[in-house]
S.K.: 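This is the structure, below, for whatever I ask next.
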Amino acid sequence: MRRQLGLYGLVLAFGMGAVGLVHAARGPREAPWALTYPLVALLSVPAVELALLRSGFRPDRLLLPLTAALLSVGLATLYRLSPDLAARQATAVCAGLVAMVASAHWVARARAGEGAGPLWGAAFLVLVALPPFLPGGGELAPPLVDLGVVAFQPLGLAVVFLVVFCAFQLARERRAFVGAMVAAGVLLLLVQRDVGGAATVLVTTLGVAYVATGQAKPLAVVAAVFGAVVLVAHPLLPHLTPRVQGWLDPWSDPAGGGYQTLQATFALASGGLFGAGPGAGHPDLVPAAHTDLTLVAVGEEWGFAGILAVLTLYAVWTARVLKAAISASETFPRLVAAGVAVAVGAQAFVVAAGNVRLLPLVGLPLPFLSYGGSWIVGHLALLGLALGVSHRAGGR
Amino acid sequence: MSELFFQPLRYVVLAALFLFLYRVVRALDEDLGRAEREGAVAALVVEEAAPGLPPGHVFLVRSGAVVGRSAPSTVVVPDPQAEDQHLRLVLRGTGFWVEDLGSKAGSFLNGRRLEAPAPLADGDRIRLGATVLRFVSPACGETWS
């Protein structure tokens, strides 16, 4: 426990240090109570771990501190962009921690043979199919549902159900059923013009299927078919063209399609090795810095050093979840952990690559860093699944 | 004034993040070390023994292996002078140690009676009763896993 507290102390030192420096740099514009939101969120992570340990839970001892570190980078970056965003994100973190504890306890007891397996798939499909029937921004991909009281991206929560569903059914070797449900989900997302979301669903499923079957060839064929479908359907997805164009050749339309890419590139370049310093850069000039381009905002003010730290955190996070998968003795928890590792690890990799212009932007958030309550809750619920699996495997 | 104060401070804050990463990597390293140690195997080669145990026979042992005359012992030697559980091999730090379990006849390391646990080196000879076992350390030759 002493080591855990040391790790959390360092997370708190970085997170609150960064938020405090931003606060000081912004001058007297902000009320000091805005600082309490990130503080409460960062303190609740060790509090929840302590409560879990007290109740006899023995999860992996690094996963929660690693997640807290990612959350601290995210909260500090959001506070830099707007203290209001950080406050809302902090609230989502607290809600997500509740979801995390619930999913950890659930998966610690769940058995593959019992329970309402297909219902998880149904929940996934309903969440994916929901947005066109509800009020919200139809232009966004992934679509946002705005119910007035609360706005959310259903995909962030759908991924949790997808992982559990795939693990449940593939542990019982119902491959065709999983294939049909996921194909339906991917098609529904493509109809909503959400290529990034469709790719996330597909990659997550393929990851779980690979761990379940050990066969790479049929899965590679599925991925190739998806790629071909997107290429062929490309004219039907008109919002994709400026995105790809802006990625390949931003200077062809510097004020339009290429604007976001160019601003992101300049921001990263001005960051250099150690960044402009908290509050000293201009990440607010990058469009969608709080959702799509969070890593660019980190890179501008914390430099290459900050990006290196974030990427290392993701790498170790994914490795620890895979470790839980490897040490699981039964198929169902093993597949759950593998699904969590692929869902979060692949999304982090693809979005980070989009931020530094290695890939086109997919419009998805960076796990645990970007603004977005449904994704924070969804990803923390996925973390809970991984914690539950590591507990089953003996923890530590 | 505030610049002078805040500029160094941001490096301190960044250092906290990297110190966190360093601690995490240290913890990962400890995990690897533990897995390696738990998997470490040494060998005991029979040099001299009572009939029933041919010289040259090899026992593979892990940390905690007990040498004695009967069942709960992991290495069973048919020696009337040996106790049921005579001596024990334990991994401490990076190497194996040998420890007498309070036998009447005693255990001998390279001809000298064991009074306290002693570290083992490759090729050391352990004697209990009339049985002599040669210790082969995992550090020499191939890596054991």
Side-chain angles (χ1 to χ4, degrees), chain A residues 2-25 27 60-63 65-66 68-70 72-73 76 273-281 298 301-317 319-320 323 326-327 396, chain B residues 1-42 60-66 72-74 88-97 99 117 138-139 142-145:
Chain A
R2 256 187 66 202
R3 168 159 53 190
Q4 299 297 96
L5 290 179
L7 288 175
Y8 284 119
L10 287 169
V11 168
L12 208 62
F14 171 77
M16 291 320 290
V19 169
L21 284 173
V22 169
H23 191 81
D60 184 285
R61 68 202 154 94
L62 289 181
L63 269 174
L66 285 165
L70 286 166
S72 79
V73 176
L273 208 52
F274 288 104
V298 174
E301 299 207 327
W302 295 98
F304 173 70
I307 289 189
L308 184 69
V310 169
L311 294 183
T312 313
L313 287 171
Y314 281 127
V316 181
W317 195 97
R320 289 305 277 199
K323 184 192 162 213
I326 289 169
S327 16
R396 302 289 87 184
Chain B
M1 161 58 209
S2 67
E3 272 295 291
L4 273 180
F5 177 67
F6 287 128
Q7 275 300 320
L9 207 56
R10 76 180 167 103
Y11 291 104
V12 174
V13 169
L14 189 63
L17 188 58
F18 275 87
L19 190 58
F20 172 86
L21 284 175
Y22 170 73
R23 289 267 186 97
V24 164
V25 171
R26 274 268 304 274
L28 292 178
D29 187 48
E30 275 171 31
D31 273 11
L32 277 181
R34 199 188 321 140
E36 217 163 74
R37 282 197 302 280
E38 279 165 5
V41 180
L60 289 181
V61 290
R62 284 178 193 281
S63 181
V66 175
S73 297
T74 23
R88 179 163 64 178
L89 299 186
V90 234
L91 198 60
R92 282 196 197 161
T94 54
F96 277 91
W97 287 54
E99 181 185 2
E142 62 191 293
T143 316
W144 307 76
S145 58

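No experiment lies behind these values; they were computed from the predicted model shown. Just so we're on the same page: letters track the sequence lines, and every chain starts at 1. No hydrogens, no waters, no symmetry mates; every other heavy atom, side chains included, goes into these values.
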S.K.: With side chains defined as the heavy atoms from C-beta onward, is the minimum distance between Phe18(B) and Thr312(A) less than 4.5 Å?
M.R.: no
S.K.: Please list, chain by chain and in numerical order, all residues satisfying side chain to side chain donor-acceptor pair (under 3.5 Å) with Tyr22(B), sequence neighbours excluded.
M.R.: Arg26(B)
S.K.: With a 4.5 angstrom heavy-atom cut-off, could you sort out which part of Leu12(A) is near chain B: side chain, backbone, both or neither?
M.R.: neither
S.K.: Indicate yes or no for a side-chain donor-acceptor contact from Arg10(B) to the backbone of Phe274(A) under 3.5 Å, with no hydrogens or angles considered.
M.R.: yes
S.K.: Is there side-chain contact between Phe14(A) and Leu19(B), with heavy atoms separated by less than 4.5 Å?
M.R.: no
S.K.: Within the 4.5 Å heavy-atom criterion, are Leu28(B) and Leu62(A) side-chain neighbours or not?
M.R.: yes
S.K.: Given a strict heavy-atom distance threshold of 4.5 Å, which part of Leu7(A) is in contact with chain B: side chain, backbone, both, or neither?
M.R.: both
S.K.: Do Leu17(B) and Val73(A) have side chains that get closer than 4.5 Å, going by heavy atoms?
M.R.: yes
S.K.: Which of the residues Gly9(A), Ala309(A), Ala69(A) is involved in the greatest number of heavy-atom pairs with chain B at under 4.5 angstrom?
M.R.: Ala309(A)
S.K.: Could you check whether any side-chain heavy atom of Arg320(A) comes within less than 4.5 Å of a side-chain heavy atom of Asp31(B), counting everything from C-beta outward?
M.R.: yes
S.K.: Give the member of Gly20(A), Gly306(A), Ser72(A), Pro65(A) that has the highest number of heavy-atom pairs under 4.5 Å with chain B.
M.R.: Pro65(A)
S.K.: Looking at Tyr11(B), I want to see if its OH is surrounded by more than 12 non-hydrogen atoms of other residues, nucleotides or ligands under 6.0 Å.
M.R.: yes
S.K.: Among Leu308(A), Leu21(A), Val316(A), Leu313(A), who wins on heavy-atom pairs under 4.5 Å with chain B?
M.R.: Leu21(A)
S.K.: Considering all heavy atoms of both residues, which atom of Leu14(B) and which atom of Ala305(A) are nearest to each other, and what is their separation?
M.R.: CD2-CB, 3.8 Å
